[in-house]
Structure formats: C-alpha cells, structure tokens
Amino acid sequence: MSKTADIRLPDPSRWKALAFIALAQLMVVLDATIVNIALPHAQTALSITDANKQWVITAYALAFGGLLLFGGRIADLWGRKRTFVVGLIGFALASALGGAAQNQGMLFGSRALQGVFGALLAPAALSLLAVMFTDAKERAKAFGIYGAIAGGGGAVGLILGGFLTQALNWRWTFFVNIPFAVIAAAGAYFVIREPAGSRNRSSLDIPGVVLSALGLVSLVYGFTRAESSGWSDPLTIGMFVASGVLLLSFVLTEAKVASPLLPLRVVMDRNRGGVYLSLGLAIIAMFGLFLFLTYYLQVVKGYSPIRTGFAFLPMIAGMITGSTQIGARLMTRVPARKLMGPGFLTAAVGMLLLTQLEIDSSYAALILPAQLLLGLGMGTAFMPAMSLATLGVEPRDSGVASAMVNTSQQVGGAIGTALLNTIAASAATAYATSHAALGATDPQLLKLQSMVHGFTGAIWWAVGILVVASAIAVTFINAGRPSTAPADSGDADGVEDEFRVPVVAH
C-alpha cells in the first residue's frame, strides 16, 4: 500500500449505506436456513422424491460456492455498487421464480439462480464495507454489526421459516426475499458512493474462473453426496479427486497469469490465511450444530417449527452481544488473535456442554447456557475475523478478498453438514445395533436414544474442530491492533503497515 496516499474524507452517507448492506447480508444468510424449515412442505406440494429433495439445498450451494471468487472479481471489475445492485435484483427475481414454482425442475433452477446472484451480492457487500469504513473505530462498529448478522442470521432464518410455513405456506419463504432485495437495492442505488480509484480493471482471468468454479463445485458436491451416498461411493471419491486436481491447477495458473482471478498475495499472507482457515473450521462446527439442534428439538422434544426457531434466540442474542459489545469495543485495543482465539474456545465450551444431551435434557439448564456461550464466543471471534480478512488489502483486491471470506464460510458449511451428519448417522446406527442385540424392547425409545447418541458423538468432533480453529487463530494471526495513524508514521505501535486501515486516495 502506498505511504503517500492522501487521506480521504469519510463518506457522510456511510452509516446509511451500512443499513442497506446489512439488510442485503441478512437476506442472503436467512436464505441459507429459511428454506430448510419449508422443505418438507415444498416436497409434498411439488411431489419431489426423497432422492431429489437434496437438490433444493445443493443447487444453491453449488452455484453460490462455485462462483464466489468470480463474483468477487466481477465486483472489483464492474464496481462494487453496480455488482451489489445487480445481485440484489437478480436474487429477487430468482426468489419470485422459486415461490411460483410449479414443479421440481422450476424450483431447482430458481435455487441455482439464487446462488448465482448471491455469489455476486455477498462479496460486493463485504468489500463495500472494506472501502467505505477506513477509520479503525468506525470500522470496528460497522464490522461488529455485519458480523452479528453473518453469525446470527441463520438462526433468525429458522424462526422466520417456521412462522411463514405455519402461518402462510412454504412459498413465502421465497417471496419474503423480494421486499428485502427491493429495499436494499433502492437504498444502495441512492445512498452508496463507492470511493474513486478502487476498481481493478485488469482483464478477466477466464482459465482461473473455469478452474476455480469447477474445483469448488466438485468439492461442495463431493461433501453433499457423501452425506447421502457415503464416503466410499465411487462418485463421491471421484468428486474429491477432481476437486483436488482442479484446485491445484487453479493455484498453478494463478501464479503464472498476469491478471489472476485470485492474486496469491491475498491468501498467502499469514493473517488473512489464518482468518480464512479458522473461520472455515468454525463454520463447520456451527452448521453441524444447527442441524442437530433442529432435529433434537423437533423430533426428540416435539417442538413445532416456530417454537424451534425461538429456541435459537439465546444464540442470536449471544452473537449480537459478542459482536457489538465485546468484539467491536475491544478490536481497536487488542490484537485480533486475542479475540478470535478465546472466542472460538468459549464457543467450544458451549459445544462441550451439548455433549451431555440426553432425551430428557432440560432446555433451561443445558441448551440455553450452551447457546449463550456459543453465541458470545462466535460473535466475539467473527467480528475481528470479518474485518481482518479485508484489512490491508489493496482496494482493487477487496472484492476477491471478501469473496474468500464467503468461500471459506460456504465450503465450511457444506463440509460441516455432510461430515458431522455422517458421523452422527454412523454412531446412531452402531448404538441401535448394539442395544437391539442386548434386547431393547421399545423400538421408538431406542430410535430416539440412538439419534441423541449420534448427535453427541458428532458434537464431540465439533468441540475438537473449534479448539483447532482457536489454535490456528492464535498461531497464524500476528497482526497488531488496528491503528488510525497515517501509513507513513512508522510502526511505533507494533502494527505492520500492511495491516493498517487502508487509506483510499481521491
């Protein structure tokens, strides 16, 4: 970063812009979970077979995860505001198509389109924050809000999905995106003023686009297929092998081309690399937990969809508190690793409590405190992670750096759902088989006991994953606290110039 850059006056409309960016981010995060609640009703209405129902989730995940890097590069090339608005409009149209679906093909196609436009929208939203908020304290507040939404929005989706499905019908889980998108697009068009000189107008790296998209699609589909067909399935293994070859080819290509889709300088930095890796691991644990708690509360405890959604409120409250009251307040005072490491460990303690789940476990005595600890820990860690992932990158690279954050989350989510669900299913089967041989007489009770045993077995893995994420954050991330000092003031506070808040020139 140039040390002679002029200090740019803050955009007076930046806080209004944050409101519309946050609204768009909420819509994208909500969509990741809101459809899960409505899926059984949509399956019945459209006569979707059990073998095909996974494509309601998979079509979105493949398009979104596979095209995120491309979307980040498009944001750098077209301009973040334009990409953001186009992504919102496209997402609204795709949502309308899904709500009006008359058959399974129409629904699957609409989900894929949502993923395509989400891949434009998500990195553009985060990179807009990166270039609009350059003061360290303001950046901390902005990313605190963004981090709280990114972390807690999935749980809000469970509440909203349950309410819409019960009170109206499953189609409204799609239609609800339209007002979100329209308001956010209109607000962004009139309020957002993207800083000048922050585009990357280099030619598009077509080989990189193809290799990254195919590699990520193969990886996400491999984990998705493993969940339904097993890890030894030939096609599952083939997807993992293809993904490894394609992603290795992508890295080799990016090291050679003049204008790479993903400049390796973005990910080879130990701080950003540590953020991407630790955040991806933490998401693996979180997505598995959402799945297990949803099934535990509905199937074992008999909660309705709406009650299940409200049961996740303590986690949302914890995430909001962790992001805005702990992470945002301390980020300018302590290095990021001292928030991320303890944050992930606090979440691991909350997860550890859930390994004690039994059929008759008390919500108030066990699940509620576990969720509060999980929320506080993840919220505290998410906020500095979101900020550090784009801190110090050149403005022209902010879109692709933001895309890497979303990619680590999306791939982590796909891995978490498949890996932990497979572990849980295997443990449940083994428990049921062994106890049936011992003469268990109540089949329904044995089924529930096996399910809970499977959940707790997989949650132990999630605890370990969070501990590893904490260790990576503490080991890899060595950036000091953000500084508001000009870039040419030296390193008196121990912060390398590369990690200072970027100053965007006129």
Side-chain angles (χ1 to χ4, degrees), residues 33-41 43-44 50 53-54 57 154-163 165-166 227-228 284-316 318 347 349-375 416-463 465:
T33 54
I34 195 172
V35 175
N36 289 341
I37 295 290
L39 181 54
H41 297 266
Q43 180 181 0
T44 301
D50 284 336
K53 68 178 181 181
Q54 66 164 327
I57 307 301
V156 176
L158 296 173
I159 298 173
L160 191 58
F163 174 77
T165 301
Q166 280 189 215
E227 183 182 359
S228 58
I284 288 176
M286 284 299 292
F287 265 64
L289 178 71
F290 278 139
L291 182 71
F292 298 147
L293 269 187
T294 300
Y295 273 87
Y296 176 80
L297 292 171
Q298 289 196 42
V299 177
V300 179
K301 289 294 196 181
Y303 284 21
S304 68
I306 291 179
R307 190 180 178 190
T308 299
F310 277 103
F312 280 96
L313 278 178
M315 190 183 300
I316 300 172
V349 172
M351 197 75 78
L352 186 63
L353 289 179
L354 291 174
T355 62
Q356 307 305 307
L357 272 181
E358 296 178 356
I359 289 179
D360 57 352
S361 291
S362 165
Y363 176 85
L366 180 65
I367 299 173
L368 188 149
Q371 286 197 62
L372 286 174
L373 285 171
L374 275 161
T417 302
L419 176 64
L420 295 181
N421 196 43
T422 302
I423 292 170
S426 299
T429 301
Y431 182 94
T433 302
S434 63
H435 284 70
L438 294 174
T441 56
D442 187 337
Q444 183 60 27
L445 179 61
L446 178 59
K447 178 180 178 182
L448 295 179
Q449 289 173 332
S450 302
M451 182 182 296
V452 174
H453 177 78
F455 292 164
T456 56
I459 289 171
W460 273 109
W461 281 82
V463 172
I465 290 169

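Note: hydrogens, waters and symmetry copies are ignored here, and every other heavy atom, side chains too, is used.
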* **Closest contact, heavy atoms only, Phe312 versus Leu297** => CE1-CD1, 4.4 Å

* When you measure from the side chain of Tyr363 to the backbone N and O of Ala311, does any donor-acceptor pair fall under 3.5 Å? -> yes

* Asked: Once you round to the nearest 0.5 Å, how far does CG of Leu373 lie from CG of Leu368?
  -> 10.0 Å

* Output the distance between atom CD1 (Ile367) and atom CE (Met315), rounded to the nearest 0.5 Å. => 10.0 Å

* To do: Please examine the side chains of Met351 and Trp461, heavy atoms only from C-beta on, and report whether any two atoms are closer than 4.5 Å.
  => no

* Test side-chain contact (heavy atoms from CB on, under 4.5 Å) on Val299 and Leu448 and set out the steps. => CA-CA 8 Å; Val299 177; Leu448 295 179; 4.3 Å; yes

* Looking only at heavy atoms, which two atoms of Pro314 and Gln371 are closest? And how far apart? -> CB-CB, 4.1 Å

* Side chains of Leu374 and Leu354: closer than 4.5 Å at any heavy-atom pair? -> yes

* Are there more than 12 heavy atoms of other residues, nucleotides or ligands under 6.0 Å from atom NZ of Lys447? -> no

* Asked: Got a second to check how far Phe292's CZ is from Leu420's CG, nearest 0.5 Å?
  -> 5.0 Å

Mind listing the side-chain donor-acceptor pairs of residues 449-460 below 3.5 Å, one per line with the distance, residues two or more places apart or on another chain?
from	atom 1	to	atom 2	distance (Å)
Ser450	OG	Leu446	O	2.7
Thr456	OG1	Val452	O	3.3
Thr456	OG1	His453	O	2.9

* To do: State the CG-CG distance between Leu353 and Leu372, to the nearest 0.5 angstrom.
  => 10.5 Å

* Output yes when a side-chain donor or acceptor of Ser434 lies under 3.5 Å from a complementary backbone atom of Ala430, and no otherwise. => yes

* To do: List for me each residue that meets side chain to side chain contact (heavy atoms under 4.5 Å, CB included) alongside Ser362, sequence neighbours excluded, and say none if there are none.
  => Ala364, Ala365

* **With sequence neighbours excluded, residues passing ring pair (Phe, Tyr, Trp, His ring centres under 6.0 Å) with Tyr303** => none

